[in-house]
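Report on the following structure.
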2 protein chains.
Amino acid sequence: MTDTDQPAGSGEEFIPPAHMATLSDVAREAGVSLATASRSLNGSSRTVREEYRQRVLAAAHRLNYSANHSAQAVARGTSQTIALIVSDIADPYFSSIASGVMRAAEDQGLVVTMSITERRPEREAELVRAMRGMRPRSLIMVGSRRNDPRASRELEAELAAYERSGGRVTMIAQPTMAFRTVAIGNVGAAAELAGQLVGLGYRSMAVLGGPEQLLTARDRVEGFVGRCAELGVEIHQRRIVHGDFTRDGGFVAAAELHRRDFADVDLVFAVNDVMAVGAMAYFRTAGLVLGRDLAIAGFDDIETLRDVSPALTTVALPLQEIGRTAVELALEAGNNHRVVPIEGSVIIRESTPRRT
Amino acid sequence: MTDTDQPAGSGEEFIPPAHMATLSDVAREAGVSLATASRSLNGSSRTVREEYRQRVLAAAHRLNYSANHSAQAVARGTSQTIALIVSDIADPYFSSIASGVMRAAEDQGLVVTMSITERRPEREAELVRAMRGMRPRSLIMVGSRRNDPRASRELEAELAAYERSGGRVTMIAQPTMAFRTVAIGNVGAAAELAGQLVGLGYRSMAVLGGPEQLLTARDRVEGFVGRCAELGVEIHQRRIVHGDFTRDGGFVAAAELHRRDFADVDLVFAVNDVMAVGAMAYFRTAGLVLGRDLAIAGFDDIETLRDVSPALTTVALPLQEIGRTAVELALEAGNNHRVVPIEGSVIIRESTPRRT
DNA sequence: CTGTTAGCGCTTTCAA
DNA sequence: TTGAAAGCGCTAACAG
């Protein structure tokens, strides 16, 4: 029973400063049918007479019309949205990837909605569930998988349900689930780093691992320790200390290591740059001169951390590109579950000078 | 003409592995009306008999039902979305604010869609336009305003149109437009910093300013230089060099300053931490020992940069809280255009030791 | 308290 | 090509 439903005969009534112009408003203003307006504005190819098109465009402009995405999504049965779930957007690792995702999404005309798990694994399934409500074309999850069967099962079930209902899941993580995934070669890169470090003459190393169940952290430790062992450099369990995947985690872990068994350690490998920086802070307060008394290496090559001194030896990951790749993968047709491997590259800097 | 429209009489036909359960599916499965299903699932308060409620809930669970947000938005005439526009999510300043925004939004049960301008001012109006399509409850823009009348006018027009159509705009920036805004006290904090630095004995300072039209950068320079002048410490124009608001911008500006007029400079103030770090990198390569030969100060107190050495004197901004405040402001009723001021606090660290 | 029935804004057959 | 009309999935009067 709105005014707009009145027969055309009622004519020229005053139209109040419209709140938000609808397609009908535009159609009426242009003197064409709803269908024609739709076709000229958002429809498919050239099936509308040019003169009408122009009239509709002009009307839309005059009314400051902006198509209602929700209504389009309902009518079309598909949205223009990508859902992105990250652990912690304030962490530079995630924000760089997110940046890549958003740029790529925009190139495709997609809107991205983002949510954060605050590093709480239970939240992952919850968030996926919540995001399903938006019927996103695709759902990208970035963040390490965990060795937590219960949470993993729940998450996987939720994701599978989403895929069954027509969505596409893309993980940026370990390829532990049957979904499209951008797989970061943590093991290999960590091994390569270990190899180069041994090559530089280090023989007595320690590792600052992340949380024990975090697969990313685990893989990096494994790759590093494994290659060392292959090269005849054993790293004793006592010299692997775990901590949070954060700056403070690095600081605390370094302190623990220092207290525990530090006699002849010549190099400390922290499984990410953020932890490495925390560790550096600790060692400095402990009176060590980094790069001279002790070498240190990280992982990720975080941009904002490239100027710490001594400059940090690390493994560079193409973070932005990883995000972009995830979007491409997410948009691929078919229901393949392709895995795209991403390699890191070792960068030796001043924090690990050649041992003499 | 879908199968579901057939009269109930057709009974027990095989229902294929449903793609995505709809409310009707749930209602049918529970043996109640659409309305009852809606009420039990997403509706208002207790107006449904408990037994029915349970039946609906069970059915929904069995069918793995997830309400279609778009459809709800269309039917209700209002979405559960907040649009967030930032300059560059890979920059820690923005990602911290974004983090605060997202946490707060989630507490309110809102979804946030995010887009980045890539620091190109022309994109702002464009993005606002694009975002309007989602009919977000509120639109939060974070990023410095510019002294660019043309772009500003366009942006303001677009934002005003959005508000006229029922949305709420919240700026995290200078209160240069008539919208709700979280105003960061750049001038005052920079002045306070200058005061403390003069108190520490510095008398010959230089400034690394950001882009000339960026109001944030400008305000910080102004506040700093102004207070210095009040205290009898003049900073000559030649000693104010502008550069990008990035690490590299800081590096380049430092080099330029060094080349230009560096005779007795005892302190360099970079208008943000990221630039400060770039400048530090430059000065280090130039052979200066920071904290001894030259003092340096920044602005923002970026978390990941707290461990550079020497530790950077700076102005701490409650970034996460700023984001949270923006959401609160955005959700306030009425069409006030309230301005919430945010103060920074000076933190003196090793990079600016007392001059003796 | 429950069910019927109009919408919401837009797309898309289907005829004309 | 254009327009009428039937949906899309859901909410919200409005009767019962």
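In the text below, chain A, chain B and the rest are named by the order of the sequence lines, each starting its count at 1.
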If you only use heavy atoms from C-beta on, which nucleotide in [options] is closest to the side chain of [X]?
| X | options | value |
| --- | --- | --- |
| A:Leu23 | C:dG3, C:dC10, C:dT12 | C:dC10 |
| A:Leu34 | D:dG3, C:dG3, C:dT11 | C:dT11 |
| A:Val74 | C:dT11, C:dT12, C:dG9 | C:dG9 |

Handout entry: Donor-acceptor contact present, side-chain B:Asp148 to main-chain B:Arg145, <3.5 Å
Key = no

Is [X] near enough to [N] that one of its side-chain N or O atoms lies under 4.0 angstrom from OP1 or OP2?
| X | N | value |
| --- | --- | --- |
| A:Ser38 | C:dC10 | no |
| A:Thr36 | D:dT2 | no |
| A:Arg76 | C:dC10 | no |
| A:Gln72 | C:dC10 | no |

Exercise for the section: Would you kindly compare B:Ser33 and B:Ala75 by the position of their nearest DNA chain C nucleotide and give the one closer to the 5′ end? Expected result: B:Ser33

Problem - 5′-ward residue of the pair A:Asn42/B:Ala71 relative to DNA chain C - result: B:Ala71

Practice task
In plain terms, say whether B:Glu124 and B:Arg146 are close enough for a salt bridge, that is, a side-chain N and a carboxylate O under 4.0 Å apart.
Solution key: no

Handout entry: Salt-bridge contact B:Glu50-B:Arg53 (side-chain N to carboxylate O under 4.0 Å)
Key = yes

Practice task
For A:Arg132 and B:Asn68, test the side chains for any donor-to-acceptor distance below 3.5 angstrom and give the result as yes or no.
Solution key: no

Practice task
Return yes if the base of C:dG3 and the side-chain atoms of B:Arg39 contain a donor-acceptor N/O pair under 3.5 Å, otherwise no.
Solution key: yes

Fill in the blank from the handout: Whichever of A:Val32 and B:Tyr65 has the more 5' nearest nucleotide on DNA chain D, that residue is A:Val32

Exercise for the section: Looking at every strand, decide which applies to A:Ala67 at a 4.0 Å heavy-atom threshold: base, sugar-phosphate, or nothing. Expected result: sugar-phosphate

